[in-house]
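Notes for the one structure printed next.
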Amino acid sequence: NKNVVILISGRGSNMQSIVNANIIGAKIVAVISNRPDAGGLAWAQERGIATAVLNHRDFDNREAFDAQLQQVIDAYQPDLVVLAGFMRILTANFCLHYQNRMLNIHPSLLPSFKGLHTHQAAIDAGCKLAGCTVHFVTPELDHGPIISQGAVPILPDDSADDLAARILTVEHQLYPQAVADFVTGRLSVQDGKVINAQPTDAQNKL
Ligand code: GAR
């Protein structure tokens, strides 16, 4: 089994989709939140998954927080770290420590709309399509090698919440598939390029 540590900051619906997928070869060894009130923590606890909280407000700076977070994560000996709505910018040292073994999901079609408020930004730009991106994490924010993307239409009267909900259903398909592909070894990254020996079912269906 490959050990998977999932980092969350909120409700954790992506974390739930990964846990619920019962991925063969993946053991979810811990769910870690930077926010004590993250809804996803209770959900994980109810399923017997180890949880931990590391409140970023208890630290003077990003470096100190990330160094401690790395210690907490590494105690679980992860083969893969999964950022699932983890709303902290991570230091370069932290990103490099988990190079080629840390995934993120971002609610836009990267490289468009990095950062926050992606749904409103896509609506404001007059885009007709929006979506989500699963990628390996590199020190540059929302910028690493792309594993998979899913697109949805932006409809004329969409609010940001409408669009977020439409994209979220796609997130819940793509993220478990990427984790499954990684733990089987089909998916990796070499020289900054994604190798996916067998393109994912979820990607092909879109
Ligand atoms: C998801 O839409 C995810 O793509 C996004 O936050 C939401 C978390 O929802 N992530 C980011 O914006 C990362 N910068 P969840 O807690 O229900 O998975």
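These values consider heavy atoms only, across backbone and side chains, with no hydrogens, waters or symmetry-generated copies. In each ligand, atom 1 is the first atom listed, and ligand 1 is the first ligand listed.
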Pairs under 3.5 angstrom, nitrogen or oxygen on both sides, ligand 1 versus protein: list them out, please.
{"residue": "ligand 1", "atom": "2 (O)", "partner": "E171", "partner atom": "OE1", "Å": "3.2"}
{"residue": "ligand 1", "atom": "2 (O)", "partner": "E171", "partner atom": "OE2", "Å": "2.9"}
{"residue": "ligand 1", "atom": "4 (O)", "partner": "E171", "partner atom": "OE1", "Å": "2.8"}
{"residue": "ligand 1", "atom": "4 (O)", "partner": "E171", "partner atom": "OE2", "Å": "3.3"}
{"residue": "ligand 1", "atom": "9 (O)", "partner": "R11", "partner atom": "NH2", "Å": "3.2"}
{"residue": "ligand 1", "atom": "16 (O)", "partner": "G12", "partner atom": "N", "Å": "2.9"}
{"residue": "ligand 1", "atom": "17 (O)", "partner": "R11", "partner atom": "NE", "Å": "2.5"}
{"residue": "ligand 1", "atom": "17 (O)", "partner": "R11", "partner atom": "NH2", "Å": "3.4"}
{"residue": "ligand 1", "atom": "17 (O)", "partner": "S13", "partner atom": "N", "Å": "2.7"}
{"residue": "ligand 1", "atom": "17 (O)", "partner": "S13", "partner atom": "OG", "Å": "2.5"}
{"residue": "ligand 1", "atom": "18 (O)", "partner": "S13", "partner atom": "N", "Å": "3.4"}
{"residue": "ligand 1", "atom": "18 (O)", "partner": "N14", "partner atom": "N", "Å": "3.0"}
{"residue": "ligand 1", "atom": "18 (O)", "partner": "N14", "partner atom": "ND2", "Å": "3.0"}

Can I get a per-line list of side-chain donor-acceptor pairs under 3.5 Å for residues 139-146, giving both atom names and the distance, sequence neighbours left out?
{"residue": "D142", "atom": "OD2", "partner": "H106", "partner atom": "ND1", "Å": "3.4"}
{"residue": "D142", "atom": "OD2", "partner": "G115", "partner atom": "N", "Å": "2.8"}

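- Under a cut-off of 6.0 angstrom, the local environment of NZ in K114 is crowded, with over 12 non-hydrogen atoms contributed by other residues, nucleotides or ligands.
- N20 meets the side chain to side chain donor-acceptor pair (under 3.5 Å) test with no other residue; sequence neighbours excluded.
- Evaluation of the salt bridge (Lys or Arg N to Asp or Glu O under 4.0 Å) test over residues 61-80, restricted to residues two or more places apart or in two chains, returns none.
- In terms of heavy-atom proximity, F136 sits nearest to N100 at CE2-O, 3.7 Å.
- Under the 4.5 Å side-chain heavy-atom criterion for Ile, Leu, Val, Met, Phe, Trp and Tyr, L168 and M15 are members of distinct hydrophobic clusters.
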